[in-house]
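Predicted model only: the values in this text are computed from it and were never measured. Read the numbers this way: they start at 1 and go in the same order the structure lists the ligands and their atoms.
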Amino acid sequence: MWIYLSRPDITGKEIEAVCAVLRSPNLSLGPKLVEFEHAFADYIGIKRAVAVNSGTSGLFLCMLALGIGRGDEVITTPFTFIASATPVMMAGAKPVFVDIDPATLNIDPAKIEPGITGGTKAILPVEVFGNPAGMDKVCEIAQKHNLAVIEDACEALGSALNGKKVGTFGRMSVFGFYPNKQITTGEGGMILTGDDDLADMCVSLRNQGRGRNGSWLSHERLGYNFRLSDINCALGIVQLSRIEQFKAKRRQVAKWYQEMLADDDRLILPAEPPGCDMSWFVFVLRLADSFTRRQRDSVLQAMRSRNIQVADYFTPVHLQPFMVEQFGYKRGDFPVTESVSERTIALPFYNNLTEDETAVVCRTLKEILDKN
Ligand SMILES: Cc1ncc(COP(=O)(O)O)c(C=O)c1O
């Protein structure tokens, strides 16, 4: 039997909500889209929410809505999923990486200012693994230099820093609903902003550049089909209504791991930083600095051979082959990111992972490390 890396938490309520849409005449651009957007905006406490078909398309539309394009630069972190940086490139702009703080694994606010040039238009911070630490400092720097903050909140639905919810730090923010996320719509994403003009632009861009007059065959600008169907939205509405329950379940799993793996000096465990209400996305620990990348990879391999799914979140974005080719990045450019990423292990993590399964994962990991 496998213990999976992630699993969605779908009940009869979600299934019934999806079936109800399938029995209705409105499979897209119907009432569930409006309901999901309103429920999401209410939950975060922001004026506008615009649903799209993925987090990636959401981030891309933020670039377009803010007028970011050729010749512009956007500062972001190299320790993230590839789709924090690729929307910048899709818009024709350049992602400029700044190394991370080893304590939070988020962009290091102290290193941002030297990366700002005359071409910098925005900072795109990421709450990596759900951790909102440092977002306040990023916003201060952006304000000082008159830069927009585009918050990649894809991994952090439900997190808050000093009582301020993730998704409210950026001028525009984006969440993602891939099945490993805190809530899922199958595929999907949500753009948030307090600015009506930016939201209206995203509404048009996601729907073939159509204007507000509602005419189906009138296109005011180059647009895309990034719509999220009512089937997906119905799933999202039920999932969002369970978010506090999801947060509690995930926090419990994280606590089991923390307790079962405590006091092992071969491991650096993730923890909720001070002032943070963390909505756990994944449980990513690090092997101690004495371990090499090769040893970490052999631990991953051994875990998999014992039927436990694990992952090496993340390979640094600047070292992806096409990034090296296009921008000439090389090993050594962002040493903290590189050192961290060589030693990470993402353990199985999802709402309904049981205490017994967690114990099997921990016991297996320790046995493998003992033999190493
Ligand atoms: C940090 C981050 N940014 C962007 C994305 C892209 O979201 P999607 O997969 O919905 O396009 C993801 C998740 O997949 C992510 O983890």
Polar atom proximity, Tyr178 to ligand 1 (N or O, under 3.5 Å): no
Side-chain donor-acceptor pair under 3.5 Å between Ser159 and Glu127, yes or no? no
Can you find an N/O atom of Asp152 closer than 3.5 Å to an N/O atom of ligand 1? yes
I'd like to know whether ligand 1 has Gly188 as a neighbour, heavy-atom separation below 4.0 Å. yes
Protein heavy-atom partner closest to atom 11 (O) of ligand 1 - residue, atom, separation in Å: Thr56 OG1, 2.4 Å
Whether the Glu357 and Thr354 side chains hold a donor-acceptor pair (N or O, under 3.5 Å, no angle test) is what I'd like checked. yes
So is Lys181 close enough to ligand 1, meaning a heavy atom under 4.0 angstrom away? yes
Counting heavy atoms only, which of Gly130, Ala156, Cys154, Gly58 comes nearest to atom 15 (C) of ligand 1? Cys154
Please report which non-hydrogen protein atom sits nearest to atom 16 (O) of ligand 1, along with the residue it belongs to and the distance in Å to one decimal place. Glu155 OE2, 2.7 Å
Students should be able to answer this: which protein heavy-atom is nearest to atom 7 (O) of ligand 1, and at what distance? Gly55 CA, 3.6 Å
Geometric cation-pi criterion Lys164 and Phe169, 6.0 Å radius, 45° cone: yes
Would you please indicate if the ring centroids of Tyr224 and Phe60 are separated by under 6.0 Å? yes
Please say whether Thr80 places an N or O atom under 3.5 Å from an N or O atom belonging to ligand 1. no
Taking the six-membered ring for Trp, are Phe327 and Phe322 ring centroids under 6.0 Å apart? no
Heavy atom of Gly189 under 4.0 Å from ligand 1? no
Among non-hydrogen protein atoms, atom 12 (C) of ligand 1 lies closest to Phe81 CD2, 3.5 Å
